[in-house]
Amino acid sequence: MSIEKNLNSIKSELPASVTLVAISKTHAPEIVMQAYDNGHRLFGENRVQELVSKYEVLPKDIQWHLVGHLQRNKVKYIAPFISLIQSVDSLRLLKEIDKNARKNDRIIDCLLQIYIADEDTKYGLSNEEAIEVLESDAFAEMKNVRVIGLMGMATFTDNTEQVRLEFRKLKKLFVQVKQKYFTDCSYFNTLSMGMSGDYEIAIDEGATLVRIGSNIFGGRPYCAK
Ligand SMILES: *Cc1c(COP(=O)(O)O)cnc(C)c1O
């Protein structure tokens with residue numbers, strides 16, 4: 001299957017209310033261009049260095065999302081151009097994003113990443129920690145970040161019922177947070193959940209944005225660290 005066919009077939013299945021972020025991590029710029037030439041403009045990466053090097057060589061009308069863990073000392077590299085940081089997992093990180101956004105005279109959109117999986121390896125805030133961030137004085141004072149929703153990754157398992165319940169919990173939190181902190185804010189509208197293996201379930205459970213890599217670009221080459 002070609003990238004073009006993969007993209008077209010995924011897009012034809014998605015409801016109009018769901019946005020597709022093509023996760024291009026580990027794939028070379030020439031490969032990303034195949035999706036670009038097919039009209040796709042929204043891509044996501046999970047590592048800052050790789051994101052910046054693709055940003056530099058690829059067309060400037062691409063919108064880039066960061067979906068992986070972000071270290072505070074790397075925020076400065078993406079602050080000038082990033083369109084959405086999906087992986088905010090601490091108040092300290094959000095402060096750093098705010099500071100760098102101000103330096104660049106921008107407002108940077110962010111999602112709070114919520115820990116929903118039954119695994120030790122995934123980053124994210126607990127529900128309580130997310131509430132703490134939203135209720136903090138520090139957050140109230142930030143002028144250059146805008147929290148537009150939540151992101152989560154389900155457990156990597158064949159147990160689709162478990163995955164469904166994890167997404168359902170995240171949707172429930174999303175609704176509560178919207179009601180309590182963003183009632184009149186139409187910009188708080190993004191629920192990012194679902195990857196190649198589980199995006200259909202995520203959409204059933206209310207995702208507005210899905211992050212799909214391997215179903216578009218094929219398997220990722222293994223890279224020794
Ligand atoms: C890699 C990655 C994806 C895409 O994964 P696929 O299974 O290849 O679709 C989605 N979200 C995050 C946070 C990722 O790191």
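Keep in mind that the numbers below use all heavy atoms, side chains included, and drop hydrogens, waters and symmetry copies. The first residue of the sequence shown is numbered 1, and numbering continues consecutively from there. Computed from a predicted structure; not experimentally measured. When a ligand or atom number is given, it counts from 1 through the structure's own listing order.
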Chemist: I'd like to know if K54 and E45 make a salt bridge, using a cut-off of under 4.0 Å between side-chain N and carboxylate O.
Modeler: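 Salt bridge present between K54 and E45.
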Chemist: Could you tell me whether K60 sits above the aromatic face of Y55, with NZ or CZ closer than 6.0 angstrom to the six-membered ring centre and within 45 degrees of the axis?
Modeler: yes
Chemist: Any protein N or O within less than 3.5 Å of an N or O in ligand 1? List each pair with its distance, or say none.
Modeler:
unit_1, atom_1, unit_2, atom_2, d
ligand 1, 8 (O), S214, N, 2.8
ligand 1, 8 (O), S214, OG, 2.6
ligand 1, 8 (O), R220, NH1, 2.8
ligand 1, 8 (O), R220, NH2, 3.3
ligand 1, 9 (O), S196, N, 2.9
ligand 1, 9 (O), S196, OG, 2.5
ligand 1, 9 (O), G213, N, 2.8
ligand 1, 11 (N), R211, NE, 2.8
ligand 1, 15 (O), K25, NZ, 2.7

Chemist: Under the side-chain hydrogen bond (donor to acceptor under 3.5 Å, both in side chains) test, which residues partner N73, sequence neighbours left out?
Modeler: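 N73 satisfies side-chain hydrogen bond (donor to acceptor under 3.5 Å, both in side chains) with no other residue.
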Chemist: Whether K95 and E141 form a salt bridge (side-chain N of Lys/Arg under 4.0 Å from carboxylate O of Asp/Glu) is what I want to check.
Modeler: no
Chemist: Using a strict threshold of under 4.0 Å (side-chain N to carboxylate O), is an ion pair present between E96 and K99?
Modeler: yes
Chemist: Are the side chains of T208 and S17 in contact, using a 4.5 Å heavy-atom criterion?
Modeler: no
